[in-house]
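Below, chains carry the letters A, B, ... as their sequence lines are ordered, and counting in each starts from 1.
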There are 2 protein chains.
Amino acid sequence: MMTSPQPSSEELTARQQAVLDAVLALMVEEGGDVTMTAVARRASCSKESLYKWFGDRDGLLTATVRWQASKVRAGNYDRQKLDASALRDSLIRFAANWLSVISSPTSIALNRFAIGEAGTRGSNLGAIMLANGRFAIGERVKPLLDAGRDAGLIAFDDTETAFRSFIGLVGRDVQIRLLLGDALALGAAEIERDAARAADQFFTLYGTGAAPGRNKTNA
Amino acid sequence: MMTSPQPSSEELTARQQAVLDAVLALMVEEGGDVTMTAVARRASCSKESLYKWFGDRDGLLTATVRWQASKVRAGNYDRQKLDASALRDSLIRFAANWLSVISSPTSIALNRFAIGEAGTRGSNLGAIMLANGRFAIGERVKPLLDAGRDAGLIAFDDTETAFRSFIGLVGRDVQIRLLLGDALALGAAEIERDAARAADQFFTLYGTGAAPGRNKTNA
DNA sequence: AAAATGCCGTACCGTACGTTACGGTTCTCT
DNA sequence: AGAGAACCGTAACGTACGGTACGGCATTTT
């Protein structure tokens, strides 16, 4: 993991992208058997090419994490006319999208890898996952929260604190349970329901009178 | 990992406990270099003894997880006279204890290990962590919530759902950030403050008129 | 006291895997 | 068409590590 060529995620040939997709597929299905030989066989390429393109195993894994991160860019949810209903809808969509991401097999496998490497060396995989996961969604939600506050729909002192409460209401214990192997089935219906519940609870905590969800949702 | 002797956590000699503490120390400080040779050197014992006592490497790791789990048993918080203040105090103590546990270096290292193994084989480390962490605390908090409901202090339909909201408000994104290597300093003061905030937010969501924390705490 | 048991330290074995090397084939450029 | 690069498939090498065997020392048992 010293000085690898490390192509910067933008300058990846289709062949190399196919290799990284093969790595993702291996991570998801087998669970841990991401050996260089297995990758080469799965991607139908030679190990020599793997080392030429990605330097070493760490470079390949890092490139895989970056590659997946570059694929999960989502919309920005900024809207001009922000009334209570629109704010609630945006929060629900954010929550549903977030739940979908963290419960996807790819995300689970990738986070497992990053967490496993986070303990060993000065690996930056964990930082990459955080930057493209938790922090990226924060930077996209917080402007929405600020807009809601400016519109008088919600009230809080610190945007970061409010957002962390929101993400707590959305995620709860889902991610850690999935990472530890709990068979937590999260279908589309549950995701929509949980997202709406989280948004309504958020309004109960931070909403002003003008916002929806003032009634407690003791579901 | 087949049929290991697997001493049942209670019948551990002091020598064996010292070995497991050595494993924990290695997990925490080195991060991943928990090799049988390293454990033997650290604990000043022979590898032969490791295999005699714990069967194989999986048995050693499983015993370590159980050993750590047996050390974090906490009080049961059941009290007879349950008024609003006592319920709030108990919830705060639960939250603070939970935050202390999940932010401790030992818990972080152990969860990293369990998560790393959860992907590879049919490892039960993740299940053990869940049983002794997330689920154990749930079984201890839910009676308290039920008692609070019986006393008319809080209201909800499903205890499990209410508890999951509580744990979401308490933990938020702390655990995943720590697991991914984020330098999230969580001192005693922050833990107490976050625990109180989570408890008050929980009362805002689920409290009846008789409970404290009815005012929104937009901190 | 002699035998036996338990355990430490170390050497050893087999395998898995990261990494390198190389022959043969396909694609590219002129 | 021919030269050269890129690349596939596979073989080979070195190391790390899980697991086993054995000699020597200490403590216990008879």
TODO: Name all residues meeting the side-chain hydrogen bond (donor to acceptor under 3.5 Å, both in side chains) criterion together with S46(A); count only those two or more places apart in sequence or in a different chain, and write none if there are none.
DONE: S49(A)
Task: Y51(B), nearest nucleotide to its side chain (from dT19(C), dC17(C), dG18(D)) - done: dG18(D)
TODO: In plain terms, say whether R149(A) and D146(A) are close enough for a salt bridge, that is, a side-chain N and a carboxylate O under 4.0 Å apart.
DONE: yes
Open item on the list: In whole Å, I'd like the distance from the CD atom of Q16(A) to the C1' atom of dC7(D).
Closed with: 12 Å
Distances under 3.5 Å only, N/O to N/O: pair up the protein atoms with those of nucleotides 7-16 of chain C.
{"unit_1": "dC8(C)", "atom_1": "OP1", "unit_2": "R15(B)", "atom_2": "NE", "d": "3.1"}
{"unit_1": "dC8(C)", "atom_1": "OP1", "unit_2": "R15(B)", "atom_2": "NH2", "d": "3.1"}
{"unit_1": "dC8(C)", "atom_1": "OP2", "unit_2": "S46(B)", "atom_2": "N", "d": "3.1"}
{"unit_1": "dC8(C)", "atom_1": "OP2", "unit_2": "S49(B)", "atom_2": "OG", "d": "2.8"}
{"unit_1": "dC8(C)", "atom_1": "N4", "unit_2": "E48(B)", "atom_2": "OE1", "d": "3.1"}

Open item on the list: Could you tell me how far apart D56(A) (CG) and dT19(C) (P) are, to the nearest whole angstrom?
Closed with: 5 Å
Open item on the list: Strictly by salt bridge (Lys or Arg N to Asp or Glu O under 4.0 Å), give each pair with a member in residues 33-51 of chain B just once, sequence neighbours left out.
Closed with: E29(B)-R42(B)
TODO: Check the distance between dC17(C)'s P and L50(A)'s CG and give it to me in whole angstrom.
DONE: 15 Å
Open item on the list: According to side-chain hydrogen bond (donor to acceptor under 3.5 Å, both in side chains), who are the partners of S103(A), at least two apart in sequence or on a separate chain?
Closed with: none
Open item on the list: I need the CE-P distance between M36(A) and dA16(D), as an integer number of Å.
Closed with: 18 Å
TODO: Would you work out how much the helix from dA1(C)-dT30(D) to dT30(C)-dA1(D) bends between its ends, with each end axis defined by five base pairs, to 10 degrees?
DONE: 10°
Open item on the list: How many whole angstroms separate atom CZ of F54(A) from atom C1' of dG18(C)?
Closed with: 16 Å
- [ ] Could you name each residue pair satisfying ring-ring contact (aromatic ring centres under 6.0 Å, His included) that touches residues 182-202 of chain B, not counting sequence neighbours?
- [x] F166(B)-F202(B), F202(B)-Y206(B)
Task: side-chain hydrogen bond (donor to acceptor under 3.5 Å, both in side chains) partners of T106(A), counting only residues at least two apart - done: none
- [ ] Mind checking salt bridge (charged side-chain N to carboxylate O under 4.0 Å, His left out) for R134(B) and listing every partner two or more places apart, or none if nothing turns up?
- [x] D173(A), E160(B)
Open item on the list: Measure CG/D58(A) against C1'/dC17(C) and give the value in whole Å, please.
Closed with: 14 Å
Pairs of donor and acceptor atoms involving the side chains of residues 180-189 of chain A, under 3.5 Å and at least two apart or interchain, shall be tabulated with distances.
{"unit_1": "D182(A)", "atom_1": "OD2", "unit_2": "R177(A)", "atom_2": "NE", "d": "2.8"}
{"unit_1": "D182(A)", "atom_1": "OD2", "unit_2": "R177(A)", "atom_2": "NH2", "d": "3.0"}

